[in-house]
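The structure displayed is predicted, hence computed values, not measured ones.
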Amino acid sequence: MTGTDERTSAESPGPGGYAAARLRLLTEGARTGPPRRAALAELTDDWLAGLFTAGAGRPRGISGISLVAVGGYGRGELSPRSDLDLLLLHDGSDPTAVAALADRLWYPVWDLGLDLDHSVRTLAEARRTASEDLKVQLGLLDARHLAGDLGLTAGLRTAVLADWRNQAPKRLPELKELCDERAERQGELRFLLEPDLKEARGGLRDATALRAVAASWLADAPREGLAEARRTLLDVRDALHLSTGRATDRLALQEQDQVAAELGLLDADVLLRQVYEAAGVISYAADVTWREVGRVLRSRAVRPRLRKMARERSDFLRRAVVGDGRALGGGKQVAERSPLAEGVVEQDGEVVLARAARPERDPVLPLRAAAAAAQAGLPLSPYAVRRLAATARPLPTPWPAEAREELVTLLGSGRPTVEVWEALEAEGLISRLLPDWERVRCRPQRNAVHIWTVDRHLIETAVRAAALTRHVHRPDLLLVGALLHDIGKGWPGDHSVAGEIIAKDVATRIGFDAEDAAVLATLVRHHLLLIDTATRRDLDDPATVRSVADAVGTQGTLELLHALTEADALATGPAAWSSWRGSLVADLVRRVGALLAGDLLDEPAPTAPTAEQERLAIEAFRTGGPVLALRARSEPVPAEETHGAPEPLGVELLIAVPDQSAVLPAVAGVLAVHRLTVRTAELRTLRLPQDVHGDGSVLLLDWRVAAEYGSLPEAARLRADLVRALDGSLDIGGRLAERDAAYPRRRGLLAPPPRVTVAPAASHHATVIEVRAQDAPGLLHRIGMALEKAGVRVRSMHVSTLGANAVDAFYVTTGAGEPLPEQDAGSVARVLEETLRAP
C-alpha cells in the first residue's frame with residue numbers, strides 16, 4: 001500500500017483504518033529512523049484531523065477551536081510507542097461543544113491502547129499554566145497545528161514564544177536546576193550499563209532543553225554533531241520500542257543484543273558505544289550552553305549598575321579633560337584578559353587564546369592551553385578548542401620536552417582535568433595526540449564493579465593519582481601510568497599484556513627515555529599485581545614476596561605501583577577499595593620493599609666541572625661577586641653532559657658565587673621576580689684549582705629555566721639583580737607580594753598538601769631532606785629562606801619540576817659540615833612543611 005493509500009485509510013473517523021496503516025508502517029523495513037518517525041507523525045496527523053472534523057460537525061474552516069500537537073509529537077517525532085501530547089485550544093465561546101469534541105477525540109485514542117497526554121484550554125489558560133509549570137511551557141514551545149482554527153494556533157505559538165523570551169532570565173535557571181536534579185537522580189547516560197535514553201544526563205530530555213535555550217535567544221548550543229547525536233538516541237529508542245513492544249526508555253541489559261540486531265549493529269557493545277558517543281556530544285553541548293547562559297545572565301545583572309556608573313562617568317567627563325584636551329577614557333570597554341601561559345589568557349571566566357597566538361606555528365599550544373585551564377580550574381573556550389583543532393600542527397615524534405611536561409601538568413590538575421579533557425575530546429584532539437585512545441574511547445565495561453567507561457576510568461584514575469603525587473619520587477610516571485594502565489582494553493586478549501606493548505610505544509612517542517618507558521610498561525603490565533596478590537595469596541610465604549619483587553624490580557617502581565593500585569581501585573568504584581584492602585596492599589608493599597632494600601644511597605658523586613664551569617668559578621672567586629652565563633639548548637647536547645638522560649626543558653643558566661650564606665634563596669628569588677620557571681636545578685660546592693691563589697670554594701649552580709611567558713631577560717639584568725639580592729638591597733619578598741597582588745594566580749581544585757620528609761640513612765655525609773610540593777612562583781625561594789632561617793647549610797641539591805609537581809632533595813649539614821642530629825633533622829622538616837603549607 002502506498003503512502004497515499006495509508007493516509008486515505010487513516011482519514012476514516014474509526015480507529016481501524018489508522019491501526020492497520022500504523023501496523024504496516026512499523027513492520028515494513030523500507031523506512032526507519034527519521035523517515036519512519038515523520039511518516040508515523042503524518043499518518044497520525046491525518047487520522048486526528050479526520051476525528052476533529054467529524055467530531056466538530058463543521059467544515060475544515062472551523063473557527064474558535066483548534067487541535068494542537070505539543071512536546072515530541074509537536075516536533076513530528078513519533079517513536080513506535082510514544083504517547084500523544086495534544087492540546088484542544090478554544091476561545092471559550094462554547095465550552096459545552098468543546099467538551100463534547102474532546103470526548104470524540106480522546107476516546108478513539110484510548111481505544112487503540114495509545115498513551116495520551118491531553119488538555120483543553122483557552123489561550124489565556126494555556127499561557128497561565130505555562131507560567132506556573134515549566135514542563136508545560138517547554139511542551140508548548142514545540143506546538144504544531146493539526147486541525148481547526150489555524151489563527152488560534154498561530155496566536156498560541158506567538159504568545160508562548162514571546163512569554164518564554166521575556167521570562168528567560170527567570171525560567172532558564174529553573175530549567176537548569178531541573179536538568180541538574182534529573183542528572184543527579186538518573187545518572188550520566190554515557191557511563192550507565194542500563195541507561196535511560198530520555199531522562200539520564202546527555203539524553204533526549206537534555207537535547208530538548210537545549211532547543212528551549214536556543215528559543216530564548218540568550219544562548220545557543222554548539223551545533224556540530226548535535227543533530228546526529230539526537231537522531232542516534234531516537235533511532236535506538238525506536239528499536240527498543242519495537243523489540244520490547246513496550247513504551248520504555250531504559251535500555252536494559254537483556255534487551256541490548258536484540259536492539260543491536262534491530263539496528264543492524266554487530267553486538268551490544270557496538271550499540272552502547274554509539275549511545276555513549278551520542279550522549280557525550282549532548283552532554284558537552286549542555287555544559288557549554290549552560291556556561292554561556294550563566295555568563296549572559298551575570299552580564300545582564302550588572303548592566304544596570306554599569307549604566308549608572310557610565311552616567312556618572314559621563315557627567316564627570318563633561319566637567320574635566322586631561323592636559324592635551326582629550327576626554328578621559330572613552331571608547332568601548334574591552335573585557336579584561338589575564339595571561340595564564342604563553343599564548344593563553346583568561347577572559348570572562350574562560351581560557352582563550354591570546355591575540356598573538358599562532359597555533360599553526362606552535363604545536364604545543366593545545367596541551368599548553370589545556371594545562372593552563374586545568375591548573376586555573378577554568379573551562380576551555382569551545383571556540384579556542386575548535387580553532388586549535390582546525391589549525392594546530394601535529395606534534396613531532398618524539399614529542400618535545402615542553403609537550404610532555406604540559407601533558408603531565410594537565411593530568412596532575414585533579415578534578416578540573418575531566419572537563420578540560422572532555423573539551424579536547426569533543427573536537428577530536430585527544431585521538432590526534434594519542435591515536436591509541438580511539439580504541440578505548442566510549443568503550444563500555446560489562447563489570448558490576450566498574451562505574452565508568454574505559455576512557456573515563458583512565459581519566460578518573462589520573463585524577464585520583466594526582467592526590468597521591470606527594471607519595472612518589474616520579475609523579476610524572478605515576479600520572480602517565482594512570483592514563484595508560486587500561487589502554488590494552490581496546491585489544492583482544494589480556495589487556496595487561498597488550499597494554500604493556502602499547503604503553504612502551506606511547507611513552508617513547510611522547511618523549512620518555514628508554515628507562516622511563518620500561519618503568520611505564522612495567523606499571524601497565526603489573527597494575528593488578530599488588531591487589532591480586534594481597535587479597536589472594538599468603539603474604540607469610542617468602543615465595544609470594546619474592547615473586548612480586550622479581551616482577552617489580554626496584555623500590556622506585558614499587559612505590560609507583562603502590563600509588564597506581566590505590567588510584568585505580570578508587571577510580572573503579574566504591575566496591576573496589578576499602579581500608580581492609582588498603583592495609584593488605586600496604587603490608588605486601590612493606591615486605592617487598594624490605595626485600596628490595598639495598599645499601600645506603602649516598603650523595604651522588606659530583607662529575608668533574610666542565611671548562612666553562614671552572615672558568616666561571618675562577619672569575620667569581622677573583623671578582624668576589626656572582627658570575628653567570630645563559631646558554632640556549634638549541635644546539636645538540638653532548639652525550640657526556642646528559643649521561644643518556646632526555647634533554648630537559650628550557651635554557652641552561654650557570655651561576656658561580658663565592659661561598660657564602662643565603663645564595664639559594666637569593667638566586668631562586670631573582671628568577672621568580674623575572675618570571676622564570678625552574679625545571680631542574682643543581683647546587684654544589686666547587687673547590688678551586690690549586691694554581692688559583694687563595695684558599696676558598698665557590699658555589700656552582702646549574703639551572704634549567706624557561707620563561708613563564710614572553711622572552712628570557714638579558715644575563716646582565718639577572719646579574720645586576722642578583723648582586724642586589726645578595727647585598728640585601730633588593731626586596732625579593734616585597735616584589736613577589738606586589739606581583740601576586742596585581743596578578744593573582746588562579747588555581748582549580750586544591751592541590752595535595754606539600755610533604756617534607758627526612759630520607760632515612762640516605763647519606764653518610766649529610767642529611768637528606770626531600771620536598772614534594774605543587775610548583776609555584778617563588779617556591780624554591782621560600783624553601784631556601786626556610787632552610788637559611790633553620791641555620792643549616794645546603795651542601796648540594798637536586799631539584800626537578802615534573803609537570804606541576806616539584807620534587808626536590810636537599811643535602812644539608814650543620815655549620816661544622818656534619819649530618820644533622822636525628823631530632824634536629826625532624827624539626828627542620830616539620831618547620832619547612834609548615835612554611836610551605838602556609839598561604
Side-chain angles (χ1 to χ4, degrees), residues 190 202 219-226 280-296 298 335-360 362-395 402-403 405-434 437 441 455-456 458-460 462-463 466 479 483 709 745-749 803-804:
R190 57 184 167 153
D220 198 6
R223 298 300 182 91
E224 186 71 27
L226 188 58
V281 171
I282 295 173
S283 292
Y284 176 69
D287 287 341
V288 172
T289 301
W290 287 120
R291 193 163 66 237
E292 178 66 10
V293 167
R295 186 191 67 77
V296 171
R298 285 193 301 273
E336 184 180 352
R337 297 165 69 91
S338 303
L340 294 175
E342 184 68 28
V344 184
V345 300
E346 173 196 349
Q347 178 178 314
D348 204 12
E350 287 186 327
V351 172
V352 302
L353 301 184
R355 296 186 181 93
R358 296 292 179 267
E360 64 278 4
D362 186 358
V364 183
L365 186 57
L367 283 170
R368 190 186 310 123
Q375 284 286 294
L378 294 170
L380 263 176
S381 161
Y383 309 105
V385 181
R386 200 168 300 130
R387 181 184 171 195
L388 290 169
T391 60
R393 291 191 298 117
L395 286 164
E402 184 192 359
E405 288 286 328
E406 298 294 359
L407 174 64
V408 171
T409 301
L410 170 60
L411 295 176
S413 300
R415 185 54 54 188
T417 299
V418 176
E419 183 179 359
V420 173
W421 192 273
E422 288 178 347
L424 298 180
E425 268 206 296
E427 297 296 335
L429 278 167
I430 295 299
S431 294
R432 281 167 52 181
L433 290 167
L434 303 169
W437 191 260
R441 187 175 59 83
D455 56 340
R456 179 60 180 270
L458 293 175
I459 296 302
E460 288 289 330
V463 169
L479 294 167
L483 181 70
Y709 29 77
R745 297 182 65 88
R746 299 190 55 159
R747 290 291 181 191
L749 193 73

| query | Is a salt bridge present between Glu460 and Arg415, judged by a nitrogen-to-oxygen distance below 4.0 Å? | reply | yes
For the [atom1] atom of [X] and the [atom2] atom of [Y], what is their distance to the nearest 0.5 Å?
{"X": "Glu427", "Y": "Arg432", "atom1": "CD", "atom2": "CZ", "answer": "10.0 Å"}
{"X": "Leu407", "Y": "Leu434", "atom1": "CG", "atom2": "CG", "answer": "6.5 Å"}
{"X": "Arg298", "Y": "Asp348", "atom1": "CZ", "atom2": "CG", "answer": "7.0 Å"}
{"X": "Glu292", "Y": "Asp287", "atom1": "CD", "atom2": "CG", "answer": "13.5 Å"}
{"X": "Ile430", "Y": "Asp455", "atom1": "CD1", "atom2": "CG", "answer": "10.5 Å"}

Should [X] and [Y] count as side-chain neighbours, where that means a heavy-atom distance under 4.5 Å?
{"X": "Asp220", "Y": "Thr289", "answer": "no"}
{"X": "Arg456", "Y": "Glu422", "answer": "yes"}
{"X": "Val352", "Y": "Arg337", "answer": "yes"}
{"X": "Trp421", "Y": "Leu483", "answer": "yes"}
{"X": "Leu365", "Y": "Leu353", "answer": "yes"}

Which pair of non-hydrogen atoms, one from [X] and one from [Y], has the smallest distance, and what is that distance?
{"X": "Ser431", "Y": "Trp437", "answer": "OG-CD1, 4.4 Å"}
{"X": "Val463", "Y": "Gly414", "answer": "CG2-O, 3.6 Å"}
{"X": "Leu367", "Y": "Ala403", "answer": "CD1-O, 3.6 Å"}
{"X": "Arg291", "Y": "Pro382", "answer": "NH2-CD, 3.7 Å"}
{"X": "Ala369", "Y": "Leu388", "answer": "CB-CD1, 4.4 Å"}
{"X": "Leu479", "Y": "Gly412", "answer": "CD1-CA, 3.6 Å"}

Okay, side chain of [X], backbone of [Y]: is any donor-acceptor separation there less than 3.5 Å?
{"X": "Arg368", "Y": "Val344", "result": "no"}
{"X": "Arg387", "Y": "Pro359", "result": "no"}
{"X": "Glu360", "Y": "Ala392", "result": "no"}

| message | Looking at Glu224, I want to see if its CD is surrounded by more than 12 non-hydrogen atoms of other residues, nucleotides or ligands under 6.0 Å. | response | no
| remark: Given the options Gln347, Glu350, Glu346, Arg386, Ser381 meets side chain to side chain contact (heavy atoms under 4.5 Å, CB included) only with Glu350
